[in-house]
Amino acid sequence: FPSQATRDAVDAAVAMSRGALRSLKVPGDAGVSRASFVALVRSNRESLRELHASASSDGARGHWTPKQVHALVSAAGPRFRKLVVDVKSRGVCGALVAQLASPVVRVRQLEVRATALTPEEKSTLFDALRRLRAEGEEPRARADDADERLTRLTLASCGLSAADAAALAEALAAEDARGASPPPLRLDLGDNPALGDEGIAALAALVASGKVRSLGVRGCGVGAAGAAAIGAALASPTAALTRLDASKNFLGAEGAVALADGMRTGMRTGAAPVRELRIAHNAIGCEGAEALARAAAARIPSASIP
């Protein structure tokens, strides 16, 4: 369906193929309610095998809650094999953890915001993410199945500490059963001020190994030492980070220079270029601004530095 598809268009198309519908893909901005999805799955439960219901490209619409995912899977028939969705959850409930490990549910994007996770919830979630990242014991049947892996993770304002960052980094570093790395993540851990330099240093290993292509650590208590760790990771030839949001921290001029040095070294080693860098509210001063400007001019003249 095109992005401007309406509920009526979806209903009409499904009605025409009732009894023979096997696969349905609907974009997040199609305007189809979760209740309508459940109804169409139930009405096609004898034939439907897979449903792809992604969020909109801007992430503003089309996410599912664990409760909605449960309702849809419960409505599916015996031939149903795959549900590909993007999930938003308030906290780490049992349904979410079960869905992350389910062979039927494929979560492409997971967003958990503004909820203080308990130590037990963090441990349970990280274990689920490890299993999710390490899935793939058998070769994928189709090349586009890579798009069904977890590629975006947001754990913002969740009370994460430096120790949590280390545990999360270990979980996300998992390789699948064939020794292959999953697709690079877009990782947002914004507004977790207890992460600090130690937590950022743990995450830097993911950057250096190319497992993260976008990193959000705004408001995470990052100082010059944390910036130096990220800068060193950016210099790695396997680094794949193209977007970094480190705004509202404590980088200072020293931290900005460390990031600039890492980007310039990465240019020589063959690392991916950082195309978007956000470091507002960091008191980088003239020295830091000049270092970053030189790095941007040498590496990617079109870079934006808000």
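Note on Ile284: it does not cluster hydrophobically with Phe250, by side-chain heavy-atom contacts below 4.5 Å among ILVMFWY residues. No path of Ile, Leu, Val, Met, Phe, Trp and Tyr side chains, each step under 4.5 Å between heavy atoms, connects Met267 with Val257, placing them in separate hydrophobic clusters. Put simply, Val85 and Val41 are part of the same group of oily side chains (I, L, V, M, F, W, Y) that touch within less than 4.5 Å, one to the next.
Annotation for Arg45: atom CZ counts as buried by contact number, over 12 foreign heavy atoms lying within 6.0 Å. Around CD of Glu111, the count of heavy atoms belonging to other residues, nucleotides or ligands within 6.0 Å exceeds 12. Within 6.0 Å of NZ on Lys248 lie no more than 12 heavy atoms contributed by other residues, nucleotides or ligands.
Side-chain contact between Val97 and Arg131 is present, with heavy atoms from C-beta onward closer than 4.5 Å. For the pair Asp164 and Leu117, the minimum side-chain heavy-atom distance is 4.5 Å or more. Between Leu150 and Leu185, some side-chain heavy-atom pair lies under the 4.5 Å cut-off. Considering only heavy atoms from C-beta on, Lys211 comes within 4.5 Å of Leu206 through its side chain. At least one side-chain heavy atom of Val69 sits under 4.5 Å from a side-chain heavy atom of Val105. Put simply, the side chain of Val87 reaches to within 4.5 Å of the side chain of Pro66, judged on heavy atoms. In this structure, the side chains of Arg81 and Glu50 stay at 4.5 Å or more apart for every pair of heavy atoms.
Taking each heavy atom of Gly226 and Asp197 in turn, the nearest pair found is N-OD1, 3.0 Å. Scanning all heavy atoms of the two residues, the minimum distance from Gly159 to Lys122 falls at O-NZ, 2.9 Å. Considering all non-hydrogen atoms of both residues, Cys158 and Val112 come closest at SG-O, 3.5 Å. Annotation for Arg213 and Pro184: closest pair NE-O, 3.8 Å, computed over non-hydrogen atoms.
Within the model, atoms OG of Ser214 and CG of Leu153 stand 11.5 Å from one another, a figure rounded to the nearest 0.5 Å. Atom CZ of Arg106 sits about 8.5 Å away from atom NE2 of His52, to the nearest 0.5 Å. Distance check, rounded to the nearest 0.5 Å: CD of Glu121 to OG1 of Thr118 gives 3.5 Å.
Judged by distance alone, the side chain of Thr269 and the main-chain N or O of Ala235 form a donor-acceptor pair under 3.5 Å. The closest donor-acceptor contact from the side chain of Ser102 to the backbone of Ala98 lies at 3.5 Å or more, if one exists at all. At distances below 3.5 Å, not a single donor-acceptor pair connects side-chain atoms of Glu170 with backbone N or O atoms of Ala167. Judged by distance alone, the side chain of Ser123 and the main-chain N or O of Pro119 form no donor-acceptor pair under 3.5 Å. Between the Thr265 side chain and the Gly262 main chain, no donor and acceptor come within less than 3.5 Å of each other. No donor-acceptor pair under 3.5 Å is formed between the side chain of Asp261 and the backbone N or O of Leu259. In this structure, the side chain of Asn282 engages the main chain of Ala246 through a donor-acceptor pair within 3.5 Å.
The only option from Thr154, Leu129, Leu132 that meets the side chain to side chain contact (heavy atoms under 4.5 Å, CB included) definition with Leu110 turns out to be Leu129. Under the salt bridge (charged side-chain N to carboxylate O under 4.0 Å, His left out) test applied with Asp86, the options Arg152, Arg108, Arg186, Arg61 reduce to a single match, Arg108. Each of Leu155, Val212, Val207 was evaluated against Leu187; a single residue qualifies, Val212, per the side chain to side chain contact (heavy atoms under 4.5 Å, CB included) test. Checked options Asn249, Asn192, Asp188; the residue passing with Arg218 is Asp188 (criterion: side chain to side chain donor-acceptor pair (under 3.5 Å)).
With 3.5 Å as the limit, one finds no donor-acceptor pair spanning the side chains of Thr124 and Asp127.
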